[in-house]
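So that the names make sense, note that chain A is the first sequence line, chain B the second, and so on, each numbered from 1. Values below: all heavy atoms of this structure, side chains included; hydrogens, waters and symmetry mates excluded.
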Amino acid sequence: MSLLEIKNVTLKFGESRILNDVSVSIGRGEMVGLIGPNGAGKSSLLKVILGLLPASGNVHYKKRDLKQMNLEERASLLSYLPQERDVAWPLSVETLVGLGCKRNAFSAPNPKDLQRVIEAMRRTDVRNLKHRLVDSLSGGERARVLMARALAQDTPVILADEPISGLDPAHQIGFMEMLEDLAKNGRTVLITMHELSLAARWCHRLVLLHQGRVVADGKPRNVLTEQFLAKVYGVSAYVSKDQNDFIVLPIKQLSKKDKAGT
Amino acid sequence: MSYKILMGALFLLMSLLFLVSLLTGPANLDVFAALKSLTGYGNPASILVMQEIRLPRAILGLMIGATLGLSGAVLQGYLRNPLADPGILGISASASLGAVIAIYTGLTLTLPLALPLLAIGTAVLAVILVQALAGQSAQTLTLILAGVAITSLASALTALALNLSPNPFAALEIVFWMLGSLSDRSMLHVLLAAPFMIIGWLLLSLLGRGLDALSLGRDVAFTLGYSPKRMQWLVILGTAISVGAATAVAGAIGFVGLVIPHLLRPLVGAQPSRLLPASAFGGASLVLAADIAVRLIVPEKDLKLGVLTAIVGAPFFLWLVFKTRKGLT
């Protein structure tokens, strides 16, 4: 059964269509990778789901239209990790993660909220940083701390916009493992990404966007084919045939002539 | 725990300065006689001094300082920028313009309430204009330029009013009034401004958690359940009503809203919601202290409060710009 149902979403900026009749249905506990070249509409789709951009079409959560819900209710269902990792003030890590919980600023956090913050910091492995200030963290640490903030919101669905871009390979793999673990525990994860090999390895399912349209949706092996990669990204790629070790490695940019031949 | 201690210390400091303010002035009253006169006992002259001169002055110092500190903290949190301040953004200058119009047209003679109302009205316009000019991202440079533009416009219109003034003495009076001062204010001024300042505080106090969420950006704040429209209106009305009323009775007192949140931010762990009440107490303490200082430094010269805060505050502003100039691209 689908948990999050995106139906016929179209987003226009003036004359250009950023998203064109996009329909995707996502089940509970799924980890879905949203891929596609720059400008394909990945981030815009996340923002439409969150209600940050007005679009035609519908997004339903358990058959209920998200547009009909108030902001508080939506905040209890969807959490968002944006691409930008800036934090305006030098907050402590613990305070920052606590922003995920809605509580009075002055009273001590209630035990349930405190538990959520501790649990979020455990999952993202940032407990040892809790007294550090955000602006003293490395890029990888900061990404995990911001993820912990989103987790502390304790929502069934997590939307993350390029959460692993700019991280080193070890942090990227660690981050994907953490997301996979969340999905295993029943959370639904929708992330946009450019790292095709990592998407192939960790996502249960990939949705390939091109010029605002869904051009492929399915198991990584069925989406990351040489044909689709040539058509959408304009690259030739090595795609392994090994059943247990699926590897995708973009090799070279195709010229217009090459593309015409595919 | 340390937050409670800090708040306690700031409250104590504010109360102490309030008391010192009551005891400072040219009339030579000892502590005991002064406090006795305040409650209405003692010789009529000292009762008059305490109740009609010093008490309104101290109350206004406290309330105006709290207003400036609080609105500075709110503006910095809302615009995610440590250089925001009602003075720098042109809100004070616009409120001054409104007040000058009220005084100049003689409206205040028939309707005293016109003074705060016109000041609030022009202040609302200024906040809306700042937001429109600075846009959603509120970059430091655009923000300061927006403030410069609005201040220039308000100053030009104020200058026009002075220019056209039929009575040179009235013009001089307006100029002195505009420098910002708490001297010679009466209980009427307190009654005119206090209710508006309190309404403004109440509106601003609703912003705490939303400002915390805004640390993570507008999009995240929205997905955490904070409506951008609601926050925007609370900021516009809260700052304009409280700063407008404060400026209407005391003129423009600059830099308090810039300096206080900046000094207190590290002490509250940089959390915007916690900075709000701390900045209110801190702002009140600073204005009370500055108002005591102007009476002690050159008692015979009537040094204006706004002049003193500007002399101390402007170099601070320069230092802040210098420190954050990496972000000015």
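From B:L224, atom CG reaches atom CZ of A:R149 across 5.0 Å, with rounding to the nearest 0.5 Å. Atom CZ in B:R230 sits 10.5 Å away from atom CG in A:L71 (nearest 0.5 Å). Annotation: the span from B:L214 atom CG to A:W89 atom CH2 amounts to 10.5 Å, rounded to 0.5 Å.
Summarising the local packing, NZ of A:K12 is surrounded by 12 or fewer heavy atoms from other residues, nucleotides or ligands at distances under 6.0 Å. Counting heavy-atom neighbours within 6.0 Å of B:F18 CZ, excluding the residue itself, gives a total above 12. More than 12 heavy-atom neighbours from other residues, nucleotides or ligands sit within 6.0 angstrom of CZ on A:R205.
B:R80 and A:A88 make their closest contact through NH1-CB, 3.7 Å (heavy atoms, listed as atom of the first residue, atom of the second, distance). In terms of heavy-atom proximity, A:P90 sits nearest to B:A270 at O-CB, 3.7 Å.
A distance-only check finds no donor-acceptor pair linking the side chain of A:E84 to the backbone of B:G217 [under 3.5 Å].
For A:L146, the part lying near chain B is the side chain, with the backbone staying farther off; criterion is any non-hydrogen pair under 4.5 Å. For B:P272, the part lying under 4.5 angstrom from a heavy atom of chain A is the side chain only.
With chain B as partner, the option from A:L91, A:V87, A:L78, A:L81 having the largest number of non-hydrogen pairs under 4.5 angstrom is A:L91. Options B:G77, B:G269, B:P82 differ in how many heavy-atom pairs under 4.5 Å they form with chain A, and the most are formed by B:P82.
Taking 4.5 Å as the limit, every side-chain heavy atom of B:F222 sits out of range of all side-chain heavy atoms of A:L50.
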